[in-house]
Asker: 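Mind having a look at this structure? Questions to follow.
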There are 2 protein chains.
Amino acid sequence: MFYSISQAAKKFNLTTHTLRYYDKIGLLPTVGKSSSGLRRFSDNDLNCLAMIECLKETGLKLKEIKKYFVLALKGDETIDERMQMMIDQKSRIEQEIKSLKQNLKKIEFKIKYYQTAKNVGESNVYNEYPQMLAEHDKLFK
Amino acid sequence: MFYSISQAAKKFNLTTHTLRYYDKIGLLPTVGKSSSGLRRFSDNDLNCLAMIECLKETGLKLKEIKKYFVLALKGDETIDERMQMMIDQKSRIEQEIKSLKQNLKKIEFKIKYYQTAKNVGESNVYNEYPQMLAEHDKLFK
DNA sequence: ATAAAATTTAGAGTATGCTCTAAGTCAATA
DNA sequence: TATTGACTTAGAGCATACTCTAAATTTTAT
């Protein structure tokens, strides 16, 4: 089963422009062409796209993603290297989740701060509420 | 207490170039200048920088961060708007953490897949292990 | 057969966030 | 006093990831 570029784009909420751009930079090395030059996306190409989207969403640069697929194309002797890329990516994601959780706490404090400020009717809560100030310092310093 | 641009940069692991850039785009509206034109970062300015870093790390664009500080400068009548910005940002962060956790699972599957492939001594594990294929489909489709 | 819709290419343009350079000014020290 | 180092500005350049255009070709529908 083959898909046109717009069918493939639709499946991943991308534009055809984006898919052609990915092809151009070598991110889709297995996508074929029909006799008249139209791109034909196979099921395997769609699996690649799913992986591209996954890696993109976790912050991997397109250059790195390309490196991954180029390695995959080389065959079994690159398994170790590809596995190491995924292990590295795993720890980057874990670190990112950790960082987001910490920053979420700061944002939640800000919301609480604004609620207090609204109740008190003034925004200069820091001076009035030493306890809040202490909490602020703990979070932001 | 005041800090030079390089002292401020050091505290936040930024370059002086970056701080001047932030100043230029209006992200540091309260930073003053000495009589001879040198920037003077107050403790409050450093607090702003801490908030800028927090918002940056959670993916907010500099334009939005600027909007936040411009609102803060306007005073109490913008508290509601600023609080809404933080509430919106909170849900974006929560969504982002969710997405990262899902993608982490996919990466972890890939690692497991490579380990299996290594044990079996071939990379075409999908055909040999229908169970793994099913797991792959569940994660990637 | 023909018109409309989809595809192709090369290449230009855009948005974001820096990053660096050049030329000059200012402050501290030997 | 001279030099070193930090600072200033304007503005150019860079990396990433698209995004769009134009002109030509192909496919699909009537």
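Protein chains get the first letters and strands the later ones, always in sequence-line order, with residue 1 at the start of each.
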Asker: Which residues in residues 27-42 of chain A have a heavy atom closer than 4.0 Å to any atom of DNA chain C?
Answerer: A:Lys33, A:Gly37, A:Leu38, A:Arg39
Asker: At under 4.0 Å, does any side-chain N or O of B:Lys61 touch on OP1 or OP2 of C:dG17?
Answerer: no
Asker: Which residues pass the side chain to side chain donor-acceptor pair (under 3.5 Å) test with A:Gln84, not counting sequence neighbours?
Answerer: A:Asp88
Asker: Can you see whether A:Tyr113 has A:Lys110 sitting over its ring - NZ or CZ less than 6.0 Å from the centre and within 45° of the normal?
Answerer: yes
Asker: Any donor-acceptor pair under 3.5 Å linking the side chain of B:Gln7 with the backbone of B:Ser4?
Answerer: yes
Asker: Counting only N and O atoms by type, is there a donor-acceptor contact under 3.5 Å from the side chain of A:Thr78 to the main-chain atoms of A:Glu81?
Answerer: no
Asker: Which residues pass the side chain to side chain donor-acceptor pair (under 3.5 Å) test with A:Gln89, not counting sequence neighbours?
Answerer: A:Thr58, A:Arg92
Asker: Reading DNA chain D 5' to 3', which nucleotide is the first, and which the last, to come under 4.0 Å of any heavy atom in chain A?
Answerer: D:dT16 to D:dT27
Asker: Ignoring hydrogens, what is the shortest heavy-atom contact between A:Phe41 and A:Ile5? Give both atom names and the distance.
Answerer: CE1-CA, 3.7 Å
Asker: Is A:Asp45 salt-bridged to A:Arg40, going by a charged N under 4.0 Å from an acidic O?
Answerer: no
Asker: Return the value, rounded to whole Å, for the distance between atom CG of B:Leu60 and atom C1' of C:dG17.
Answerer: 14 Å
Asker: Calculate the interatomic distance between A:Lys24 atom NZ and C:dT9 atom C1'; express it in whole Å.
Answerer: 9 Å
Asker: Can a donor-acceptor pair be found, under 3.5 Å and without considering hydrogens, that links the side chain of A:Asp23 to the backbone of A:Leu19?
Answerer: no
Asker: Restricting to side chain to side chain donor-acceptor pair (under 3.5 Å), what partner residues turn up for B:Ser91, sequence neighbours left out?
Answerer: none
Asker: Please determine if B:Glu53 and B:Lys56 form a salt bridge, counting it only when a charged side-chain N lies under 4.0 Å from a carboxylate O.
Answerer: yes
Asker: How close or far is atom C1' of C:dA10 from atom CD1 of A:Ile25, stated in whole angstroms?
Answerer: 17 Å
Asker: Using whole Å, what does the distance between atom C1' of nucleotide C:dG17 and atom CG of B:Asp23 come to?
Answerer: 16 Å
Asker: Taking NZ, NE, NH1 and NH2 as the nitrogens, is one of them in A:Lys112 or A:Glu108 under 4.0 Å from a carboxylate oxygen of the other?
Answerer: no
Asker: Output the residues of residues 4-20 of chain A in contact with DNA chain C, where contact means a heavy atom of the residue under 4.0 Å from an atom of the strand; sort by number or write none.
Answerer: A:Ser4, A:Ile5, A:Ser6, A:Arg20
Asker: In whole angstrom, give the distance that lies between atom NZ of B:Lys67 and atom C1' of C:dT16.
Answerer: 17 Å
Asker: Send over the distance from B:Leu62 CG to C:dT16 C1', rounded to a whole Å.
Answerer: 8 Å
